[in-house]
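Written out below as structure tokens is the structure these notes cover.
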Amino acid sequence: MIASRPLSHLSRACLLALAMLGCADVGANAGAGGELPAVASRQRSEKKSFTDGEILDGFLKTAFGAEYHLAGRVDRIRKFDAPVRVFAESDGRADRKAQLAKVIADIARRVQHLDIAMTDDAEAANVRVKLVRDRDLYRTISTFYGAEKAREIRSSLDPQCLSGFRKNEKFEIEHSDVILTVDNGDFVFLDCAYEEVLQSLGPINDTASVPWTMFNDNVSMGYFDVYDQYILNLLYDPRIKAGMTVLEVRSVLPEVLADVRAWVKQVNNLAD
């Protein structure tokens, strides 16, 4: 299963980030990029109140299906069923590794039942993040997926960053790979890092029909927004299990959503 952020959209996002002026104190909800003007601006105008229907619609659309898949069924829940350990591989740019570590820590704080952390042990990792220069992106994709698949990915997705995962027969994710470019600016890096790391955890299907999710190629965030916290907290609730069908998930969603609402409200200091 593979997801990506398209080049053309991120190029526009980067220009927008450079054009924005001023900054804001976004407090405890800043995440990894709260000091960036483009992130602070989005946080000030972020929609944080959603109906049950709006949340469940986005969850079902992103947790099932896949933007681009190489093999296997895409009509089941896919998620890790073990602690997630993230290893960053890079030939430089210690600053990007530090930013990635902040992204991972932010995700860990906001997803209640997800055990995720960085590791310095490549053998212990089940998520590998490859940090590359933009000029090396397609060579890296070819190394991961082979030259033929890399050409297909380039022609169909034209990505700026990429993620994919391997699952077992129970639809449990066993290993994920994330490729991030390091030299396209802070906003682009954070936007890619949040989206691709989160999609590598399971909700890999991009959708243009949900306007509040970063899993929409027309939306750039640069931080872990409230709407997507709902999606990830639903996915990693213990009652939502790898391999579940849509019908099975629908049967438990109402009670799960009630608990997820309480958690997201607490961790984001949301008003009633």
Side-chain angles (χ1 to χ4, degrees), residues 1-5 50-84 107-108 110-116 126-127 145 149 152-153 156-157 162-178 194-217 219 224-264:
M1 307 296 169
I2 294 175
S4 70
R5 180 62 97 171
F50 302 95
T51 67
D52 288 357
E54 288 170 337
I55 295 170
L56 298 182
D57 179 57
F59 173 72
L60 294 172
K61 286 178 177 176
T62 57
F64 292 94
E67 181 183 18
Y68 180 92
H69 66 281
L70 301 177
R73 300 175 65 174
V74 296
D75 59 345
R76 302 295 180 95
I77 287 290
R78 298 138 304 175
K79 62 188 286 188
F80 280 97
D81 193 35
V84 178
I107 293 171
R110 297 179 189 277
V111 183
Q112 185 175 19
H113 297 290
L114 174 64
D115 179 357
I116 184 172
N126 45 13
V127 175
Y145 301 107
K149 290 299 181 184
E152 291 180 19
I153 291 168
S156 61
L157 300 179
L162 198 73
S163 61
F165 56 70
R166 182 181 70 246
K167 64 188 186 303
N168 61 25
E169 69 280 356
K170 297 179 181 178
F171 295 88
E172 298 164 343
I173 300 174
E174 295 184 325
H175 180 85
S176 293
D177 288 300
V178 177
Y194 273 109
E195 179 179 6
E196 301 305 337
V197 169
L198 291 172
Q199 289 199 303
S200 79
L201 300 175
I204 204 163
N205 192 41
D206 281 321
T207 175
S209 64
V210 181
W212 312 289
T213 179
M214 69 177 76
F215 311 137
N216 179 337
D217 286 342
V219 176
F224 196 3
D225 59 290
V226 167
Y227 187 81
D228 290 313
Q229 289 177 49
Y230 281 122
I231 290 176
L232 268 296
N233 276 284
L234 285 171
L235 180 61
Y236 275 87
D237 186 279
R239 289 162 287 188
I240 304 292
K241 301 183 184 301
M244 275 185 162
T245 65
V246 172
L247 287 178
E248 290 170 333
V249 168
R250 284 188 183 276
S251 70
V252 298
L253 273 178
E255 61 181 283
V256 174
L257 180 57
D259 293 341
V260 166
R261 277 195 177 278
W263 170 258
V264 173

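- Atom CG of L60 is separated from atom CG of N205 by 11.5 Å, given to the nearest 0.5 angstrom.
- In this structure, Y194 and F224 have tilted ring planes: the angle between them lies in the 30° to 60° band.
- Atoms CZ and CG, on F59 and L232 in that order, are 9.5 Å from each other to the nearest 0.5 Å.
- Counted within 6.0 Å of CZ on R250, heavy atoms from surrounding residues, nucleotides or ligands total 12 or fewer; the atom is thus considered open.
- Using a 30° and 60° split on the angle between ring planes, F50 and W212 fall in the perpendicular class, above 60°.
- D81 places no side-chain N or O within 3.5 Å of a backbone atom of F171 that could act as its donor or acceptor partner.
- Between the side chain of E196 and the backbone N or O of S163, at least one donor-acceptor pair lies under 3.5 Å.
- If you take CG on L162 and CG on D177, they are separated by 9.5 Å, rounding to the nearest 0.5 Å.
- Side-chain contact between D75 and T245: absent, with no pair of heavy atoms (C-beta onward) separated by less than 4.5 Å.
- Atoms CG and CD1, on L201 and I231 in that order, are 12.5 Å from each other to the nearest 0.5 Å.
- Side-chain N/O atoms of N168 and E172 include a donor and acceptor closer than 3.5 Å.
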*Worked verdict on D52 versus R261 for side-chain contact (heavy atoms from CB on, under 4.5 Å)*: CA-CA 9 Å; D52 288 357; R261 277 195 177 278; 2.9 Å; yes
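- In this structure, K79 contributes its side chain and I240 its backbone to a donor-acceptor pair below 3.5 Å.
- R239 and D259 are joined by a salt bridge, as a carboxylate oxygen and a charged side-chain nitrogen come within less than 4.0 angstrom of each other.
- T213 places no side-chain N or O within 3.5 Å of a backbone atom of N216 that could act as its donor or acceptor partner.
- D228 has its side chain out of reach of E195: every pair of non-hydrogen atoms, C-beta onward, lies at least 4.5 Å apart.
- No side-chain heavy atom of I116 sits less than 4.5 Å from a side-chain heavy atom of F80.
- Between the Y230 side chain and the E54 main chain, no donor and acceptor come within less than 3.5 Å of each other.
- Listed by chain and number, the residues in a side chain to side chain contact (heavy atoms under 4.5 Å, CB included) with S251 amount to none (sequence neighbours excluded).
- Between the CG atom of N233 and the CD atom of Q112 there is a distance of 6.5 Å, given to the nearest 0.5 Å.
- You'll find the side chain of V111 reaches within 4.5 Å of the side chain of I107, heavy atoms only.
- Closest of all the heavy-atom pairs between A63 and R78 is O-NH2, 2.8 Å.
- Once rounded to the nearest 0.5 Å, the distance linking NE2 of H175 with OG of S200 reads 9.5 Å.
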_The test is side-chain contact (heavy atoms from CB on, under 4.5 Å); show your working for L56 and L234 and say whether it passes._
CA-CA 9 Å; L56 298 182; L234 285 171; 4.2 Å; yes
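- Of all heavy-atom pairs between I204 and G164, the closest is CD1-CA, 4.3 Å.
- In this structure, Y227 contributes its side chain and V210 its backbone to no donor-acceptor pair below 3.5 Å.
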